[in-house]
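Take a look at the structure below.
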There are 2 protein chains.
Amino acid sequence: MTSKMLPSLSVDCVIFGYEDNMLKVLLRQEQVPFDDSIAIEWKLPGNHVFRNETVDETAARILKEQTGLEEIYVKQFYVFSDPARLTKRPQDFIWVKPRLIDDRVITVGFYSLINLPDFDNSMLISEAQWMNTSEVTDLMFDHVEIFQEALKRLRYDLIHEPIAFELLPEKFTLTQMQKIYEAILGTTFDKRNYRRKINKMPYLIQLDEFQSNVSHKPARLYSFNREIYEKTYTERFDFRV
Amino acid sequence: MTSKMLPSLSVDCVIFGYEDNMLKVLLRQEQVPFDDSIAIEWKLPGNHVFRNETVDETAARILKEQTGLEEIYVKQFYVFSDPARLTKRPQDFIWVKPRLIDDRVITVGFYSLINLPDFDNSMLISEAQWMNTSEVTDLMFDHVEIFQEALKRLRYDLIHEPIAFELLPEKFTLTQMQKIYEAILGTTFDKRNYRRKINKMPYLIQLDEFQSNVSHKPARLYSFNREIYEKTYTERFDFRV
DNA sequence: ACAAAAGTGTTTTGGGTACACCCATGT
DNA sequence: ACATGGGTGTACCCAAAACACTTTTGT
């Protein structure tokens, strides 16, 4: 009862990374006993909630453990509470049982966003790996469902909140920004119409800097100004492009 | 450890009711010891999660206990997990402590929607009462925060999902529907523009029935067809009016 | 010179908004 | 007859969408 952890409550993190016009997700591999041998299975990073922290702090802790990063964007999106969620896949349950205080664990799903070109991959623990979101098919427990819900929510949030900037470097080109929307939403946009829409966003700051060392006309760089965003935000606005 | 309940997990329900162009919320009063006397305090209905149920089932159980109703719309909206959420208001903690297995309780917030003219108030337990949402100021624990988040989420969902129909009778007039949007969003709409927009929704079925016994031109009745909604729904559509 | 991506304007179409009067019913 | 809410059309403006060519750089 006085364990450091809350026995029946965990957080699982769907950590999205973006690079080369591709959306990726961070998965961890585990060695699961299976018919006298060992199978490699993949799962989302997760952990129990400590007694003295909020679930957002749990999510931040998991991010730190897995990637070494702090102050990453994390967002709670859903609670997964099926009483059979750990036992439905018997091998997974055999693997997890010795790690549990209580068999019944409810998990809070979080997603987070990382710009991979800025990311130092040497910080990754060896069991972790970035996987293309289109290739995620089979995960432990109910993690496929958690992943799919996260992706659904990410798409929803992308067009309602300024989260694209979490996946971009400090200074970015409009084409980079457009590609993020295209990669996550799975569509393409007309460049001219996209830019006309962008130009109406007062919090997108046009810089007097340009790309260099590119073998084509260098693109102008932009940055996102959160203060202007907060000031000019109105409930009715949306980010759909 | 083998209690029927999960010690550190509860569900709190923000039960919205609608009547007379007003949005109301169901609150429960509790008698809280205070300086050798008893103070009346109000809280949201809530309960612990049982070991064998999902949190959605917990929410449905709370609804049933408080209102006698089953098959009511319930929706998970946020997890409140501040370690100090029960202890911040010392009197409330004194009241709740004997009811707890563990002092640390994380709660999943749900909201639900009830059309009050269809509702049999005799089913309400005596400690419960409908209160105007504009009059909710002081509740136990962090329940004001939970209530405000629920209201924020309700407004958001109202313009993105067909939840207005949960607050309407089976057959309703367009003015009734318009009033719901106005009451919840706190605005007014032009009748003609509202109706033009409504007429584009194929899942709003015009009936060959009219109001009767009203001292003005009887309004045509409409109904909501969920199957048509599911079929014609596209991600980009929104309910903003 | 060529390849590669940047950057730019016009036209058409449809939706949002503003606005005022007649209609059907009960009393 | 009157009070009450029901029901309808038009004009203007702006946003969305479709669409093609010139510019700048590195090789």
Side-chain angles (χ1 to χ4, degrees), chain A residues 19-22 117 158-160 168-169 171-183 185-202 204-223 232 234-241, chain B residues 19-22 117 158-160 168-169 171-183 185-202 204-223 232 234-241:
Chain A
E19 187 172 43
D20 300 333
N21 301 341
M22 310 265 274
L158 185 69
I159 58 182
H160 293 94
L168 286 165
K171 300 170 180 182
F172 52 86
T173 70
L174 294 185
T175 300
Q176 284 177 310
M177 183 171 164
Q178 181 177 344
K179 294 289 181 201
I180 285 182
Y181 281 85
E182 292 179 340
L185 300 177
T187 51
T188 57
F189 300 108
D190 178 87
K191 188 166 46 158
R192 280 171 290 192
N193 293 336
Y194 185 85
R195 282 162 190 247
R196 183 177 12 260
K197 184 142 187 173
I198 289 298
N199 276 328
K200 282 184 219 121
M201 302 179 174
L204 258 196
I205 309 300
Q206 195 181 80
L207 303 175
D208 284 330
E209 293 177 60
F210 295 83
Q211 286 177 313
S212 56
N213 293 321
V214 287
S215 71
H216 54 76
K217 180 172 176 177
R220 183 183 284 275
L221 298 176
Y222 289 75
S223 69
T232 58
T234 61
E235 198 63 40
R236 295 224 141 201
F237 195 87
D238 78 39
F239 276 77
R240 290 184 287 192
V241 279
Chain B
E19 189 172 42
D20 300 332
N21 302 341
M22 309 264 273
L158 185 70
I159 58 181
H160 292 94
L168 286 166
K171 301 170 180 181
F172 51 86
T173 69
L174 294 186
T175 299
Q176 284 178 309
M177 183 172 164
Q178 180 177 345
K179 295 288 181 202
I180 285 181
Y181 281 86
E182 292 179 341
L185 300 178
T187 51
T188 58
F189 300 108
D190 178 89
K191 188 164 48 159
R192 279 172 292 192
N193 294 337
Y194 184 85
R195 281 161 190 246
R196 187 183 2 265
K197 184 142 189 173
I198 288 298
N199 277 328
K200 282 186 220 119
M201 302 179 175
L204 256 197
I205 310 300
Q206 194 182 80
L207 303 175
D208 284 329
E209 294 178 60
F210 295 82
Q211 287 178 313
S212 56
N213 293 321
V214 286
S215 71
H216 53 76
K217 181 174 175 180
R220 184 183 283 275
L221 298 176
Y222 288 75
S223 70
T232 58
T234 61
E235 198 63 39
R236 295 225 142 201
F237 195 86
D238 79 40
F239 276 76
R240 289 184 289 190
V241 279

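First the proteins, then the strands, lettered A, B, ... as listed; each starts at 1. Worth saying up front: this structure is predicted, and the values here are computed from it rather than measured.
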Inset, instruction - Round to a whole Å and report the spacing from CZ of A:F210 to P of C:dA5. - result: 19 Å
Legend entry - Nearest listed nucleotide, side chain of B:H216, among C:dA24, D:dT24, D:dA16: C:dA24
Legend entry - Heavy-atom pair with the smallest gap, counting every atom of B:L207 and B:S223: CD2-OG, 3.9 Å
Legend entry - Presence of donor-acceptor pair under 3.5 Å, side chain of B:K191 and base of D:dG7: yes
Inset, instruction - Write down the distance between CG (B:L221) and P (D:dG6), rounded to a whole number of angstrom. - result: 11 Å
Inset, instruction - Using a heavy-atom cut-off of under 4.0 Å over every strand shown, decide if B:T173 touches base, sugar-phosphate, or nothing. - result: nothing
Inset, instruction - Quickly work out the B:R195 CZ to C:dC23 C1' distance and round it to whole Å. - result: 13 Å
Legend entry - Gap between atoms CG and P, on B:N199 and C:dG16 respectively (whole Å): 13 Å
Legend entry - Distance in angstrom units between B:K217 NZ and D:dA3 C1', rounded: 16 Å
Inset, instruction - Output the single nucleotide from D:dG26, D:dT4, D:dT23 whose closest atom is nearest the side chain of A:N213. - result: D:dG26
Atom pairs, N/O to N/O, protein against nucleotides 10-12 of chain D, distance under 3.5 Å?
residue, atom, partner, partner atom, Å
D:dT10, O4, B:R196, NH1, 3.3
D:dT10, O4, B:R196, NH2, 3.3

Inset, instruction - Quick one: closest heavy-atom pair of B:Q211 and B:P218, and the distance? - result: O-CB, 3.1 Å
Inset, instruction - Give the minimum heavy-atom separation between A:L174 and A:Y222, together with the two atoms involved. - result: CG-CE1, 3.5 Å
Legend entry - Nearest-nucleotide pick for B:K197, side chain only, options being D:dT25, D:dA16, C:dG16: C:dG16
Inset, instruction - Please determine, by modelled atom types, if B:N199 and B:R196 share a side-chain donor-acceptor pair under 3.5 angstrom. - result: no
Legend entry - Given C:dC19, D:dG7, C:dT8, the nucleotide with the shortest approach to the side chain of B:R192: C:dC19
Legend entry - Minimum-distance pair of heavy atoms, taken over all atoms of B:E182 and B:T187: CB-O, 3.0 Å
Inset, instruction - Give the intermediate values and the outcome of side-chain contact (heavy atoms from CB on, under 4.5 Å) for residues A:Q178 and A:I198. - result: CA-CA 10 Å; A:Q178 181 177 344; A:I198 289 298; over 6 Å; no
Inset, instruction - For A:D190 and for B:Y222, find the nucleotide of DNA chain D with the closest heavy atom, then tell me which residue's nucleotide is more 5'. - result: B:Y222
Legend entry - Side-chain (A:R220) to main-chain (A:Q206) donor-acceptor, under 3.5 angstrom: no
Inset, instruction - Quickly work out the B:F172 CZ to D:dG6 P distance and round it to whole Å. - result: 14 Å
Legend entry - For atom CG of B:L174 and atom P of D:dG6, their distance in whole Å: 9 Å
Inset, instruction - Could you say whether A:V214 or B:Q211 is positioned toward the 5' end of DNA chain D, judged by the nucleotide with the nearest heavy atom to each? - result: B:Q211
Legend entry - Rounded distance in Å - CZ (A:R220) to P (D:dT25): 13 Å
Inset, instruction - Give a yes/no answer on whether the side chain of B:S215 brings an N or O atom under 4.0 Å of OP1 or OP2 in D:dA3. - result: no
